[in-house]
Amino acid sequence: MTLSELAALTGGRLASGVDGSTVVRGVASLAEAAEGDITFLGSPQYRALLTTCNATVALVPADFAHVVPPFLIRCDNPAKAFAKVLEAFAPAPVELPRGIHPTAIIGRDVTLGSNVNIQAYAVIEDRAVIGNGTTIGAHAYIGQDVQIGDDCLFHPRVTIMHRCTVGHRAIFHSGVVIGTDGFGFEFQGGRHVKVPQNGIVVIGNDVEIGANTCVDRARFGRTTIGDGSKLDNMVQIGHNVRLGNHNILCAQVGIAGSVRLGSYVTIAGQVGINGHITIGDKSMIGGCSGVVKSVPPNAIYVGFPAVPAQEWKEQVVYMRQIGPIKKRLDIVEQLLRDSGKNPPSQT
Amino acid sequence: MTLSELAALTGGRLASGVDGSTVVRGVASLAEAAEGDITFLGSPQYRALLTTCNATVALVPADFAHVVPPFLIRCDNPAKAFAKVLEAFAPAPVELPRGIHPTAIIGRDVTLGSNVNIQAYAVIEDRAVIGNGTTIGAHAYIGQDVQIGDDCLFHPRVTIMHRCTVGHRAIFHSGVVIGTDGFGFEFQGGRHVKVPQNGIVVIGNDVEIGANTCVDRARFGRTTIGDGSKLDNMVQIGHNVRLGNHNILCAQVGIAGSVRLGSYVTIAGQVGINGHITIGDKSMIGGCSGVVKSVPPNAIYVGFPAVPAQEWKEQVVYMRQIGPIKKRLDIVEQLLRDSGKNPPSQT
Amino acid sequence: MTLSELAALTGGRLASGVDGSTVVRGVASLAEAAEGDITFLGSPQYRALLTTCNATVALVPADFAHVVPPFLIRCDNPAKAFAKVLEAFAPAPVELPRGIHPTAIIGRDVTLGSNVNIQAYAVIEDRAVIGNGTTIGAHAYIGQDVQIGDDCLFHPRVTIMHRCTVGHRAIFHSGVVIGTDGFGFEFQGGRHVKVPQNGIVVIGNDVEIGANTCVDRARFGRTTIGDGSKLDNMVQIGHNVRLGNHNILCAQVGIAGSVRLGSYVTIAGQVGINGHITIGDKSMIGGCSGVVKSVPPNAIYVGFPAVPAQEWKEQVVYMRQIGPIKKRLDIVEQLLRDSGKNPPSQT
């Protein structure tokens, strides 16, 4: 697109004297923009980045008064204007082959809805059910008696083990594994004997699951992921976990067996959650935390063991004060000693 | 099954006046049971859950005297009785296709035992050896010269790289990767130069490995996983690690290179273990810990850096006392100041 | 090889009276050497291991004067000599089938360089470009418009999503997933609505990526991995992360969105890095740390929240002193009380 076209698209004003026919080929953030890119100044705090920015043009607020390398388009709301630019530059959606690829292996008594796409080398085992408009990616493995809803998009190499169910509009990324055995053993005669894991995984509607994430099947009953929940990459969900609706679980989170999460919970990256506890509705757990006990609703917890965020911030400050406290105590004891008292001497 | 059949199966007593022909279709825990399910009260502490439970029937102790929504079957040991119910309701085991699927690719000089099952699109490279009764799942990759014992079950999409060996009765879940290169580089001339990883992985008998877990091959010699050890999902085992027998490693544990674990060790979820250290027999490491130094046998360590569990518990309590200590010290100093002493003033 | 041949290879001196025709079949470290192995004493601190070592022969320093079980070859630099032995014992490199396997699926308008090897059941989508001498492993998925450079080695089961680019000489291990959607949602009307992830991943030259590691595509623009960077297994790289050159990221590291790493950075295992921060050139982060704020160049940080290593070491020491400090303060307060002062009593 040309600068003139971009000014028109964003409802912005191109700085005077600029050649409106200059062509822009890509979009990028301030920090990574190169020649040929359009970028934007979302907040005055990033203004310094504009002075070293190689972008061809930048969207800036209407009252922006500085001289910087990129050409400028002034507009009322650069962030909103940039969203329009992003849409305009969005690549065409990927068009995968339609229908059932001749190399896909479809078992007996499989039920396929209308407009189902199954990519190369996918394996669909007996009695699986796949809903209307669903796409199963290359190298997928869909186990026996699995049920998948409508309009799902499974990227390449997704594994769903037998009898698990997935709702409508799921998006599963490459390497997802749903329904492997829960990790359960009984210690008998010096050996860990496998406890049968006969339950399933039940996944609601509008769930997105990131690359290489694992959800274990229940020992009996169900491991559940509620409607609208979003799991990032390499998340671990243990057996019999019950995840409510609209939860956000960031990358590398691990949730041990039988944990119950409410709804609208946010768990930041790498958090570990101990087995058999509850995280209440709308609570948030800060990244890298280890949650040992149940967390009430509407709380923010951080640390290991996780505590309310305010308490954790105090702990971090206090940690730096132990040294000074020790020195003050040394002086107090010396003063007492000088006045004939007798605190035990420290080494 | 009907309530009468369930009472007979468990040796329990159906509450009087209940219609014994009522049908139960599933098993579930107290917390997730729905209509049509049978559940059980394993401990009096969960009694409150019974009052909101939607199960059709619950197994309760013989002396249970409360009125709750589900029908009741009273029995001497509800937990043991429930185990029988679980068996009765266990789904039929999955029956995968027998023999060598026509799409499986078998290299030259591969040795297959009797009753080997190889599923669709598996690739078995030259000179691999697969023992009697072993099942290799769909999309598996078995590298050159790999040796796999008898009666193993590899779920779909397992990778075993060249020359690694696996004992008898292994269960590997989807996405397992055994024998990729250890992470070793030499810094030369401003670059990280790859150190050849020429060793292998040797896995004993009765080992279970969870989904997407990775075990690196040794730089030279062997990375070993001893008999009866169980690894959960997304565990990382570095090169030249030596894991003894009957260890339990929970999800997302990471063990750096050349660590030695004894036997009967338990490592809870997300623990990280520093390279080149030893964890003694029968020791346990609490979840989310970072182990920096070797741990003796029969110890329980927690925290980062991990310390004996008792010490960690004290630290957690002490952390909360730094604030109060500081306030007490302020007062002591003020008292001294009031009596003409001169501790330095605090800001 | 015989002991005489090994002495000649290493330029070492076989202890007198030893039968030089004794055959050695393998190499191993002191701790794991068995009969038939050659090992070496790299440092005097490991001497005790030699006394219990089952190796057939050990390389030791020229002045080594102790009597131990293995036969000895004395040499000037046992570590360097052992490197020669490792080379001599290195297994022949794996020879995979050459050319395009008949089961590989090659889309329309794919460009293949010379000497490209594509293994069984790989899927190469439309318009992908694969450079000279590159090997694509079995079960790979190479998306539409992906560009891969020369002399790359992709082990089995690598996924590269559409439009991502990889430089020359990349080594990707089994289960790598490049270019899945970044984890971005907008909260609208009680639901998390997916924010389109239209950017790509750009990977430089000489990059090695470990098993099951995931790199997310940018929201727009690029997620970049610089030249010579090495990522271990199960590392998570969020969207729009910019990784410089020659970085080392150990296993299970997680880097949240929009983080910028300089060059020659080392991140130890299981570290989590908060979104939108910067880690300066040549800095190191200790294992299991959680990095909350930006880290300057040439720094070493550890802990959660990560602080300079020296400060962290002090904190660890201080943690053990809170108990003693509390006891000392109790005594001080008692002394003051005894002399008629009145600090508040503690419970």
Side-chain angles (χ1 to χ4, degrees), chain B residues 103 105 121 123 125 139 141 143-144 157 159 161-163 175 177 180-181 183 185 190-192 194 196 198 212-214 216 219-222 224 234 236 238 240 242 252 254 256 258 260 270 272 274 289-290 292 304-305 311 314-315 318-319 321-322 324-325 328-329 331-332 335-336 338-339, chain C residues 26-29 31-33 37 86 89-91 94-96 103 119-121 137-139 155-157 171 173-175 206 208 210-212 228-230 232-234 246 248 250-252 264 268-270 287-288 303-304 316 319-320 322-323 325-326 329 332-333 336 339 341-344 346:
Chain B
T103 62
I105 294 180
Y121 295 129
V123 173
E125 297 280 17
H139 302 121
Y141 179 84
Q144 295 180 12
R157 187 151 57 88
T159 296
M161 298 301 289
H162 52 285
R163 296 194 290 116
V177 179
T180 46
D181 289 348
F183 194 63
F185 301 91
R191 307 172 72 84
H192 301 289
K194 186 173 176 70
N198 286 322
N212 286 346
T213 281
C214 304
D216 281 352
R219 185 185 156 205
F220 57 90
R222 307 160 199 84
T224 52
M234 287 183 279
Q236 156 69 5
N240 291 90
R242 283 171 298 145
Q252 296 175 319
S258 299
R260 178 171 190 169
Q270 290 193 337
N274 199 10
S289 299
V292 174
F304 171 50
E311 198 177 315
E314 286 169 14
Q315 285 183 2
Y318 284 147
M319 278 302 294
Q321 298 180 334
I322 302 173
I325 283 174
R328 288 166 61 190
L329 189 56
I331 292 169
V332 161
L335 287 171
L336 289 173
D338 292 348
S339 60
Chain C
V27 283
S29 67
E32 60 171 353
D37 284 339
L86 279 179
F89 275 94
V94 171
E95 290 281 342
L96 292 172
T103 62
Q119 303 296 317
Y121 295 130
H139 303 119
H155 289 286
R157 188 151 55 89
I171 300 175
H173 292 281
S174 190
D206 301 299
E208 181 162 351
N212 286 345
S229 286
K230 314 293 184 184
D232 200 353
N233 300 343
M234 286 183 279
H246 306 295
I248 293 279
C250 297
Q252 296 175 319
Y264 296 109
Q270 290 192 337
C288 294
F304 172 48
V316 169
M319 280 301 295
R320 302 207 181 97
I322 302 172
I325 283 174
K326 191 158 172 275
L329 189 56
V332 162
E333 286 175 336
L336 289 172
S339 58
K341 310 292 177 198
N342 200 13
Q346 304 299 327

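Per chain, numbering begins at 1; letters A, B, ... match sequence-line order.
- The part of C:H155 that comes within reach of chain B is its side chain, from C-beta onward, which places non-hydrogen atoms under 4.5 angstrom from that chain.
- The two residues C:C288 and B:G290 have their closest heavy-atom pair at SG-CA, 3.8 Å.
- Top candidate by heavy-atom pairs under 4.5 Å with chain B, chosen from C:P91, C:A120, C:G228, C:S339, is C:P91.
- No part of B:S258 comes within reach of chain C, as not one of its non-hydrogen atoms sits under 4.5 angstrom from that chain.
- When heavy atoms are compared at a cutoff of 4.5 Å, B:T224 does not approach chain C at all.
- Once rounded to the nearest 0.5 Å, the distance linking CZ of B:F183 with CG of C:D232 reads 4.5 Å.
- Using a 4.5 Å cut-off between heavy atoms, B:R157 touches chain C through backbone and side chain atoms alike.
- Between B:T159 and B:M161, some side-chain heavy-atom pair lies under the 4.5 Å cut-off.
- Proximity to chain B (any heavy atom under 4.5 Å) is restricted, for C:T103, to the side chain, taken from C-beta onward.
- Chosen from C:I171, C:V316, C:D37, C:V27, the residue pairing most often with chain B at heavy-atom distances under 4.5 Å is C:V27.
- The main-chain N or O of B:N212 is found under 3.5 Å from a side-chain atom of C:N212 such that the two form a donor-acceptor pair.
- The heavy-atom pair separating B:N198 from B:R163 by the smallest distance is O-NH2, 2.8 Å.
- B:N240 touches chain C through its side chain: at least one heavy atom from C-beta onward sits under 4.5 Å away, while N, CA, C and O do not.
- If you take CD on C:Q252 and CD on B:Q270, they are separated by 8.5 Å, rounding to the nearest 0.5 Å.
- Among the candidates B:G221, B:P196, B:G254, the residue making the largest number of heavy-atom pairs closer than 4.5 Å to chain C is B:G254.
- Salt-bridge check for B:R260 with C:E32: failed, with every basic side-chain N at 4.0 Å or more from each acidic carboxylate O.
- In this structure, chain C has heavy atoms under 4.5 Å from both the backbone and the side chain of B:I325.
- Interface residue B:H162: only side-chain heavy atoms are found under 4.5 Å from chain C.
- Residues forming a side-chain hydrogen bond (donor to acceptor under 3.5 Å, both in side chains) with B:D216 (at least two apart in sequence, or on another chain): B:T180, C:N233.
- By number of non-hydrogen pairs under 4.5 angstrom with chain C, the leading residue of B:C214, B:G238, B:G143 is B:C214.
- Both the backbone and the side chain of C:L329 come within contact range of chain B, with heavy atoms under 4.5 Å apart.
- By number of non-hydrogen pairs under 4.5 angstrom with chain C, the leading residue of B:G190, B:A256, B:G272 is B:G190.
- Chain B forms more heavy-atom pairs under 4.5 Å with one residue of C:V332, C:D206, C:I248 than with any other, namely C:I248.
- Between C:C250 and C:A268, the closest heavy-atom pair is CB-C, 3.7 Å.
- Both the backbone and the side chain of B:P305 come within less than 4.5 Å of a heavy atom of chain C.
- Interface remark: C:F89 contributes no atoms to any contact with chain B (heavy atom separation under 4.5 Å).
- Ranked by non-hydrogen atom pairs under 4.5 Å with chain B, the options C:M319, C:Q119, C:M234 are led by C:M234.
- Note on B:F220, B:F185, B:Y141: by heavy-atom pairs under 4.5 Å with chain C, the leading option is B:F220.
- If you measure heavy-atom distances from C:E95 to chain B, the contacts under 4.5 Å come from the backbone alone.
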Open item on the list: Quick one, B:V177 with C:H173, criterion side-chain contact (heavy atoms from CB on, under 4.5 Å). Give me CA distance, side-chain angles, the key distance, then yes/no.
Closed with: CA-CA 9 Å; B:V177 179; C:H173 292 281; over 6 Å; no
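- Looking at B:Q144, the atoms closer than 4.5 Å to chain C (heavy atoms on both sides) all sit in the side chain, from C-beta outward.
- In this structure, C:G303 and B:F304 approach most closely via the heavy-atom pair CA-CE2, 3.8 Å.
- Proximity to chain B involves both the backbone and the side chain of C:A211, based on heavy atoms less than 4.5 angstrom apart.
- Within the 4.5 angstrom heavy-atom criterion, only side-chain atoms of B:R242, from C-beta onward, approach chain C.
- Interface remark: B:R219 contributes side-chain atoms only to the contact with chain C (heavy atom separation under 4.5 Å).
- Listed by chain and number, the residues in a side-chain hydrogen bond (donor to acceptor under 3.5 Å, both in side chains) with B:N274 amount to none (sequence neighbours excluded).
- To the nearest 0.5 angstrom, B:E314 atom CD is 10.5 Å from B:Q321 atom CD.
- Contact of C:A33 with chain B is not made at all, since no heavy-atom distance falls under 4.5 Å.
- Shortest non-hydrogen contact noted between C:A138 and B:V123 is CB-CG2, 4.5 Å.
- Under the 30°/60° scheme for interplanar angles, the aromatic rings of B:H139 and C:H139 are found to stand perpendicular.
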